[in-house]
J.: 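My questions will all concern the structure given below.
A, B, ... follow the sequence lines: proteins, then strands. Residue 1 opens every chain.
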Number of protein chains: 2
Amino acid sequence: MASDHTRSAILAAAERLYADRGFGDVTLRDIVADANVNLAAVNYHFGSKDELIAELFVTRSIATNRERLRELKAAEEQGGGRAPIEVILHALVGPTLRGCLGPENQRSTAARFMIRASIESVPPIRRIKNREIDHLRKFVSAMRRSLPDRSDVEIYWGLNFALAMAHHTIRESERLTKLSEGKCDLDDVEDVIARVVSVATMALTAGKAETRPPARALARDTR
Amino acid sequence: MASDHTRSAILAAAERLYADRGFGDVTLRDIVADANVNLAAVNYHFGSKDELIAELFVTRSIATNRERLRELKAAEEQGGGRAPIEVILHALVGPTLRGCLGPENQRSTAARFMIRASIESVPPIRRIKNREIDHLRKFVSAMRRSLPDRSDVEIYWGLNFALAMAHHTIRESERLTKLSEGKCDLDDVEDVIARVVSVATMALTAGKAETRPPARALARDTR
DNA sequence: GATAGTTTCATACAACTGTTTGAATTGCAA
DNA sequence: TTGCAATTCAAACAGTTGTATGAAACTATC
C-alpha cells in the first residue's frame, strides 16, 4: 500500500491543471511542480502520461455511468420492468449534466476537468469513450421496452439527439451564456436537464397517438 | 502573384493529412514531405503552422456561412421578411451537415477535414469559432421574427439544441453507425437534416396553440 | 540494527517540434 | 543581359517534450 500521498498529489494537481488550462498546455513538468513531487514520480506511479490522463477520466466516467445505471434500474424496477421514456432519458443525461454544470463559482475541479475532456478530446480519452457503446446499449434496451412500437432507428436517433443536446450544452456552455447574454441560466442544472429530456422525449414520441401530455413543460422561463 | 503552386500544394497536402490523421499526429515535416516542398515554405507562405490551419478552416467556414445566409435570406424574402421556423433551421444546419456528411466513399477531403476540426478543436480553430457568435445572432433575429411570441430564452435554447444535434451527429457519426449497426443511415444527408430540423422545430414550438402539423414527419424509416 | 523492498530524486536522454537563417536559385522587367 | 525581387533550399537553432537510469533515501520486517 505505502504512502499513497505522492500518487494522489499528482492526481489532484493534474486534474486541477488540466481543468484550468486544458490538455494541450499542461506538461508533466507543470504537474509535478504543482504537486511538489519529482518528475519521475509520474512514470513510476502511472506508467506514462497517457495512463495518468486515462485514470483521471475513467474515475469520473465510471462514477457517472454507475449513477446513470442506478437511476435507470430504480426507474425500471418501480415501473415493473418498463420505465417511462422521460425517466430513462433523465437517467441518461442527468448525471452527466449534473457532473459538469452548476454554479460556476462552486464548480468542482472534477466538473471542470470533465468539461475539458468533453471539449479537447485527447487520444487516451477518446479510446475510453469508444468503449462506452456497451454502456449505451443498456439504455437502448430500456428505451425499446419503454416504447415497444417505435422502430429501432427512431430509438437510436432519439438517443443520439439526447446525448447531443447534453454534451453540446456542456461543451458550449460558455458560448451559449455569451450568445444569450446570460438569459440562459446554465447554473440551474435541473432546468437544463428538464429541457433536454423534454425535447428528446418529443423527438421519440412525435406522431404517436398515445402522446401523453409532457411531464414537464419546456417553458419554465421568465419574460 | 507568382507561382501559387507551392502554396496550394501545401494547402492540399495539409488538408488531406489533417483529415486522415488528425491535427495531433501531423507535423509540418509530414506536410511538406507530402507536398514535395521545402520545410521553410510553410513559414514563408503562411507565417506559421497555426495560420496555415486557420486558413484551411476559415476557407471552408466562410463557405458554409455564406451558404447559410444565402438560404436564410432567400427564405425571408420569399416570406416577406418572416420565414417559417423550419426553413430557418434548415438554413442553419443544412449547409453544415451537407458539408460534412454524405456517402463515405466519395466524401471530399474538405468534408473530412471539417469533421476533424469538429472533433479535435485545436487552438487556432477554436479562436475562429469564437468569432462565430455574430453570425449566429443573425439567425436569432430571424427566429425572433418567425416566432414573435416565443421568449428569447426559448429561442436561444432552440438554436442551441439545433446546433447540438447537427454538430454531435457529425462528430459522432462513426459511433452512431456502429451503435445502430448501420440502421441509422448517415449517408442520406437530407434525411438527417430533416430529422434535426423536425426535432428542433418541436423544441421551439412545443406548447403553442398554433402548432401546425409538422412539415416533415420524423418517421421516414423502415420496419 | 541489518536487510529487502519501495519510493524518491537529480540528471541525462533521445527525439521531435516549429521556426529562422542566409545563401542559392529562379523568374521577370528594363 | 543585367538587376532586382520573389522564391526555394539545406541546415541549424532553440526549445520542449515524455521517458529512462541508477544512485540515494526511506520504510517496515525480522
J.: Pick one: which of R7(A), K49(A), R60(A) meets salt bridge (Lys or Arg N to Asp or Glu O under 4.0 Å) with E55(A)?
T.: R7(A)
J.: Starting at CG of D4(A) and ending at P of dT7(C), how long is that distance when rounded to a whole Å?
T.: 9 Å
J.: OP1, OP2 of dT8(D) versus side-chain N and O of H45(B): anything below 4.0 Å?
T.: yes
J.: Starting from the 5' end of DNA chain C, give me the residue, N36(A) or V42(B), whose nearest nucleotide shows up first.
T.: N36(A)
J.: Whole angstroms only, please: what is the CG-P distance between L39(B) and dT19(C)?
T.: 10 Å
J.: So which nucleotide from dT8(C), dT19(D), dT17(D) ends up closest to the side chain of T27(A)?
T.: dT17(D)
J.: Of the candidate nucleotides dT19(C), dT21(D), dT8(D), which contains the atom at the shortest distance from the side chain of A40(A)?
T.: dT21(D)
J.: Return the nearest nucleotide to the side chain of R29(A); candidates are dT7(D), dA12(C), dC9(D).
T.: dA12(C)
J.: What is the distance, rounded to the nearest whole Å, between atom CG of D25(A) and atom C1' of dT16(D)?
T.: 13 Å
J.: Might you work through the salt bridge (charged side-chain N to carboxylate O under 4.0 Å, His left out) test for E67(B) and R70(B), ending with a clear yes or no?
T.: CA-CA 5 Å; E67(B) 177 62 14; R70(B) 201 193 57 78; 3.1 Å; yes
J.: Is any side-chain N of the basic residue among E15(A) and R21(A) closer than 4.0 Å to the acidic one's carboxylate O?
T.: no
J.: Specify the separation, in whole Å, of atom CG of D50(B) and atom C1' of dT19(C).
T.: 12 Å
J.: Evaluate whether atom CD of E174(A) has more than 12 neighbouring non-hydrogen atoms of other residues, nucleotides or ligands under 6.0 angstrom away.
T.: no
J.: Starting the side chain at C-beta, find the nucleotide from dT19(C), dA10(D), dC16(C) nearest to N43(B).
T.: dT19(C)
J.: Between dG18(C), dT19(D), dT8(C), which nucleotide has the shortest distance from any of its atoms to the side chain of L28(B)?
T.: dG18(C)
J.: Could you work out which one of dT19(D), dT7(D), dT8(C) sits closest to the side chain of Y44(B)?
T.: dT7(D)
J.: Between dT7(C) and N38(A), is there an OP1 or OP2 to side-chain N/O distance shorter than 4.0 Å?
T.: no
